[in-house]
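These notes are about the structure you will find just below.
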Amino acid sequence: MLILTRREDEKIFIGHDIKIMITDISGSIVKLGIDAPEDVPIAREEVYKEIKQENKASSKPEFDYESVELDI
Amino acid sequence: MELETRNFGTIEIKKEQIIHFPEGLPGFNAQKRYVILPLKNSQYYIMQSVDEKELAFVIIPSGIITSDYEFDISESEEEKLGVKSRKDLITFSIINTKDMTANLKAPLVINKRLNTGLQIVLDEEEYSLKYKITGENNIVGEKVTG
């Protein structure tokens with residue numbers, strides 16, 4: 001992993017069209033401003049983790065199989 | 001072809017029924033092929049993995065649980081799905097049968113023309129990961145309400 005040190009208001013570029021700016025630092029909270037093309041998906045890591053967990057929790061569905069029939 | 005299912009024994013399916021998820025689903029990246037099987041007297045469907053017998057989901061067309069459900073998909077997502085017309089797209093929500101909630105935050109989007117699918121993540125507060133749909137763990141007969 002590449003680690004860069006930046007101060008408030010400083011920026012980094014990823015490729016030519018993704019720009020990340022440190023807009024505010026207060027205590028342990030850092031605010032990032034992100035400029036990226038519309039088609040680049042951006043999500044907080046926790047959101048992906050939540051989706052993974054929820055998919056896992058839903059992946060072995062429990063219901064009354066005896067009363068259910070496929071309609072095929 | 002024959003397909004072993006988690007809960008319904010071995011069934012016969014056509015290859016054309018198989019939906020390809022090029023990225024798999026979050027948490028299940030390796031499993032990329034599913035079939036969607038309707039249930040009798042139910043608004044729910046079973047999404048069964050073709051690659052792994054023990055992997056299956058209960059899903060429901062998103063429109064049934066909420067009429068006010070709109071989101072944008074990005075150009076790169078459209079490319080992955082091979083979208084020519086948005087009319088070809090249908091959306092499902094995965095059900096967690098333990099607490100009977102629907103995942104509106106990460107809908108399944110399927111291009112029915114090419115049988116491609118993606119689970120897309122909506123990083124917006126307004127849609128819930130655990131949208132309560134009904135008080136009972138009963139997926140047959142009962143009308144689903146949001």
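Chain letters run A, B, ... following the sequence lines, proteins first and then strands; every chain starts at 1.
Using a 4.5 Å cut-off between heavy atoms, B:Glu54 touches chain A through backbone and side chain atoms alike. Using a 4.5 Å cut-off between heavy atoms, B:Tyr45 makes no contact with chain A at all. Contacts between B:Ile11 and chain A at a heavy-atom distance below 4.5 Å involve the side chain alone, from C-beta outward.
The distance from the CE atom of B:Met47 to the OG atom of A:Ser58 is 10.5 Å, given to the nearest 0.5 Å. Considering CG of B:Leu55 and NZ of A:Lys60, their distance stands at 7.0 Å, rounded to 0.5 Å. Note that CG of B:Asn103 and CD of A:Glu50 are 9.5 Å apart. Values are rounded to the nearest 0.5 Å.
The closest side-chain heavy-atom distance from B:Phe8 to A:Glu69 is not below 4.5 Å. Side-chain contact between A:Phe63 and B:Ile46 is present, with at least one heavy-atom pair separated by less than 4.5 Å. Using a 4.5 Å heavy-atom cutoff, the side chains of B:Ile94 and A:Glu54 are not in contact.
Contact between B:Thr97 and A:Glu62 at its shortest, heavy atoms only, is OG1-N, 2.9 Å. In terms of heavy atoms, B:Ala56 sits closest to A:Pro61 at O-CD, 3.1 Å. Smallest separation of non-hydrogen atoms from B:Lys40 and A:Asp71: N-CB, 3.7 Å.
Put simply, of B:Pro38, B:Ser76, B:Ser74, the one with the most heavy-atom pairs under 4.5 Å next to chain A is B:Pro38.
Enclosure of atom NZ in B:Lys32 by more than 12 non-hydrogen atoms of other residues, nucleotides or ligands within 6.0 angstrom is indicated. Around the CD atom of B:Glu75, the shell of radius 6.0 Å holds no more than 12 heavy atoms that belong to other residues, nucleotides or ligands. Atom CD of B:Glu12 has more than 12 neighbouring heavy atoms from other residues, nucleotides or ligands inside a 6.0 Å radius.
A donor-acceptor contact shorter than 3.5 Å links the side chain of A:Asn55 to the backbone of B:Pro26.
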